[in-house]
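Comments concern the structure below.
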Amino acid sequence: MTGIATTSPGPFPLPAGIPIVLSGPSGVGKSTVLRKLLDRYPNRLRLSVSATTRPPRPGERDGVDYHFLTSEEFARRRQAGDFLECCEVFGRGHWYGTLRSEVTTSPGGPKWVILDIDVDGAEKVRTQFPEAPTLFLRPSSLEELERRLRSRGTESEDAIARRLEVASRELARANQYQYQVVNDTVDQAVNDVSRILKQIGIVE
Ligand code: ADP
Ligand code: 5GP
């Protein structure tokens, strides 16, 4: 399913440097879908690498998957105004944030940056960039979301329960987004998001 919800369409084509926001519950497949999209459009799109205080998962690389910061360093950079937005995402002491430096584009590089952030972060970005396109990735069901979270094998039972609880609240706010896409199969979700990127004029 792709659909335009409540807000009117923004400027066409999207001006360079306006961020694109992607949200969706933890485990729905945002990273998986984004990886494929970035492979498809390497000259158009770049991923904003967020900062976080959560520990790296096996295989995650500093500066690639996240900028992994200590709580002290995160707080210092927050105080210095380095973040476009930041939030304590699961209410368990781990902070996540978008660094302003990640959102600026450089000459000759991709003109658009995509942010993988939670629904509170998306709201903060919208107040600063009202024309930012916003996409919400949905699971086909909560049961499927739980299955994916478990299959990833990266979270404790307690963390899975917390993420599912937060997921229900996030799904209830999906109508705040301009576009909603169901991640049923990865290829279909990538194609649906690609169609949206065409609609906003950033890929052919
Ligand atoms: P997120 O970034 O939203 O937290 P991930 O991209 O890490 O989610 O995906 C969570 C798990 O679900 C991973 O194990 C991934 O391989 C799997 N997954 C992602 N998309 C699909 C899909 N369409 N069908 C089945 N499994 C999927
Ligand atoms: P994970 O711990 O699974 O990598 O990410 C958990 C959640 O944090 C996801 O919903 C993701 O969208 C969100 N997130 C990641 N980076 C940021 C960020 O910079 N800001 C905000 N607000 N949320 C983020």
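Values in this document were obtained by computation on a predicted structure and should not be read as measured data. Whatever order the structure lists ligands and atoms in, that order sets their numbers, starting from 1.
A heavy-atom distance below 4.5 Å is not found between the side chains of Trp95 and Arg54. In this structure, the side chains of Glu102 and Arg46 come closer than 4.5 Å at one or more pairs of heavy atoms.
The option from Arg163, Arg148, Arg150 that lies nearest to atom 25 (C) of ligand 1, judged by heavy atoms, is Arg148.
Salt bridge annotation for Glu143-Arg147: absent, with no cationic side-chain nitrogen under 4.0 angstrom from a carboxylate oxygen. The existence of a salt bridge linking Glu146 and Arg150 is confirmed by a sub-4.0 Å separation between a basic side-chain nitrogen and an acidic carboxylate oxygen. For the pair Arg173 and Glu170, the salt-bridge criterion is not met [side-chain N within less than 4.0 Å of a carboxylate O]. Between Asp187 and Lys36, at least one side-chain nitrogen of the basic residue sits less than 4.0 Å from a carboxylate oxygen of the acidic one, meeting the salt-bridge criterion.
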- [ ] Check step by step if side chain to side chain contact (heavy atoms under 4.5 Å, CB included) holds for Asp116 and Ile114.
- [x] CA-CA 7 Å; Asp116 168 355; Ile114 190 154; over 6 Å; no
key: From CA spacing to verdict: side chain to side chain contact (heavy atoms under 4.5 Å, CB included), Ser194, Leu37   = CA-CA 8 Å; Ser194 297; Leu37 275 172; 3.6 Å; yes
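Residue, atom and distance of the protein heavy atom nearest to atom 6 (C) of ligand 2 are Phe90 CE1, 3.4 Å. At the shortest separation from atom 7 (O) of ligand 1 among protein heavy atoms lies Arg152 NH1, 2.9 Å. Annotation: atom 5 (O) of ligand 2 to nearest protein heavy atom, Tyr66 OH, 3.3 Å. For atom 10 (C) of ligand 1, the closest heavy atom belonging to the protein is Gly27 O, 3.4 Å. Scanning all protein heavy atoms for the shortest distance to atom 20 (N) of ligand 2 gives Glu85 OE2, 2.7 Å. For atom 13 (C) of ligand 2, the nearest protein heavy atom (residue, atom name, distance) is Asp118 N, 3.9 Å. Scanning all protein heavy atoms for the shortest distance to atom 11 (C) of ligand 2 gives Asp116 OD1, 3.6 Å. Looking at atom 20 (N) of ligand 1, its nearest protein heavy atom turns out to be Asn183 ND2, 3.1 Å. In terms of protein heavy-atom proximity, atom 8 (O) of ligand 1 is nearest to Gly29 N, 3.1 Å. Closest protein heavy atom to atom 19 (O) of ligand 2: Ser50 OG, 2.7 Å. Counting only heavy atoms of the protein, atom 15 (C) of ligand 1 lies nearest to Thr32 OG1, 3.7 Å.
When heavy-atom distances to ligand 2 are checked against a 4.0 Å cut-off, His94 has no atom that comes that close, whether in backbone or side chain. The parts of Ile117 lying near ligand 2 are both backbone and side chain, judged by heavy-atom distances below 4.0 Å. Here Arg163 has side-chain heavy atoms under 4.0 Å from ligand 2, and that is the only part of it that gets that close. Residue-level proximity to ligand 1 for Thr185 is carried by the backbone, the only part with a heavy atom below 4.0 angstrom. Under 4.0 angstrom from ligand 2, there are no non-hydrogen atoms of Glu123. Residue contacts with ligand 2, taken as heavy atom pairs separated by less than 4.0 Å, do not involve Lys124 at all.
For ligand 2 and Gly121, the ligand atoms under 4.0 Å from any heavy atom of the residue are 22 (N). Each of the atoms 4 (O) of ligand 1 lies under 4.0 Å from some heavy atom of Ser26. Residue contact check: Gly97 has heavy atoms under 4.0 Å from atoms 18 (C), 19 (O), 20 (N) of ligand 2. Annotation for ligand 1: atoms under 4.0 Å from non-hydrogen atoms of Ser151 are 14 (O). Below 4.0 Å from some heavy atom of Arg54 lie the following atoms of ligand 2, by number and element: 1 (P), 2 (O), 4 (O). Close approach to Pro25 involves these atoms of ligand 1, each under 4.0 Å from a residue heavy atom: 3 (O). Using a 4.0 Å cut-off to heavy atoms of Asp184, the atoms of ligand 1 that qualify are 22 (C), 23 (N), 24 (N). Taking every non-hydrogen atom of Lys30 and a distance limit under 4.0 Å, the qualifying atoms of ligand 1 come out as 1 (P), 2 (O), 3 (O), 4 (O), 6 (O), 8 (O).
Taking any N or O of Arg147, backbone or side chain, none lies under 3.5 Å from an N or O belonging to ligand 1. Residue contacts with ligand 2: Arg57 is placed with a nitrogen or oxygen under 3.5 Å of a nitrogen or oxygen of the ligand (distance criterion only). Residue-to-ligand polar distances place Ser31 within reach of ligand 1: an N/O pair is separated by less than 3.5 Å. Of the N or O atoms in Val89, none lie within a sub-3.5 Å distance of an N or O in ligand 2. Geometrically, ligand 2 and Glu170 share no nitrogen or oxygen pair separated by less than 3.5 Å.
Within the model, atoms CD of Glu123 and CD of Gln176 stand 5.0 Å from one another, a figure rounded to the nearest 0.5 Å.
Formation of a donor-acceptor pair under 3.5 Å by the Lys30 side chain with backbone atoms of Leu137 is not found in this model. Using a distance-only test at 3.5 Å, with no hydrogens or angles considered, a donor-acceptor pair links the side chain of Asn183 to the main chain of Val28. Distance alone, capped at 3.5 Å, places no donor-acceptor pair between the Thr53 side chain and the Leu69 backbone. Put simply, the side chain of Glu131 never gets that close to the backbone of Ile18: no donor and acceptor are under 3.5 Å apart. With hydrogens and angles ignored, the 3.5 Å screen pairs no side-chain donor or acceptor of Gln180 with any backbone N or O of Phe136. Side-chain atoms of Glu73 never come within 3.5 Å of backbone atoms of Thr70 as a donor-acceptor pair (strictly under, hydrogens ignored). Looking at Trp112, its side chain does come within 3.5 Å of a backbone N or O of Pro15 through a donor-acceptor pair. Not a single donor-acceptor pair under 3.5 Å links the side chain of Asp82 to the backbone N or O of Leu99.
Within the 4.0 Å heavy-atom shell around ligand 2 one finds Thr98. The closest approach between a heavy atom of Ala189 and any atom of ligand 1 is not below 4.0 Å. Distances from ligand 2 to the non-hydrogen atoms of Cys87 include at least one value under 4.0 Å. Within the 4.0 Å heavy-atom cutoff, Leu34 does not count among the residues contacting ligand 1.
For the pair Arg57 and Tyr66, the cation-pi test (distance below 6.0 Å, angle within 45°) is failed.
Paired with Ile20 under the rule side chain to side chain contact (heavy atoms under 4.5 Å, CB included), one option of Ile196, Val125, Leu45 passes, and it is Leu45.
Relative ring orientation between Tyr96 and Phe90 is described as perpendicular, the plane-to-plane angle rising above 60° on a 0-90° scale split at 30° and 60°.
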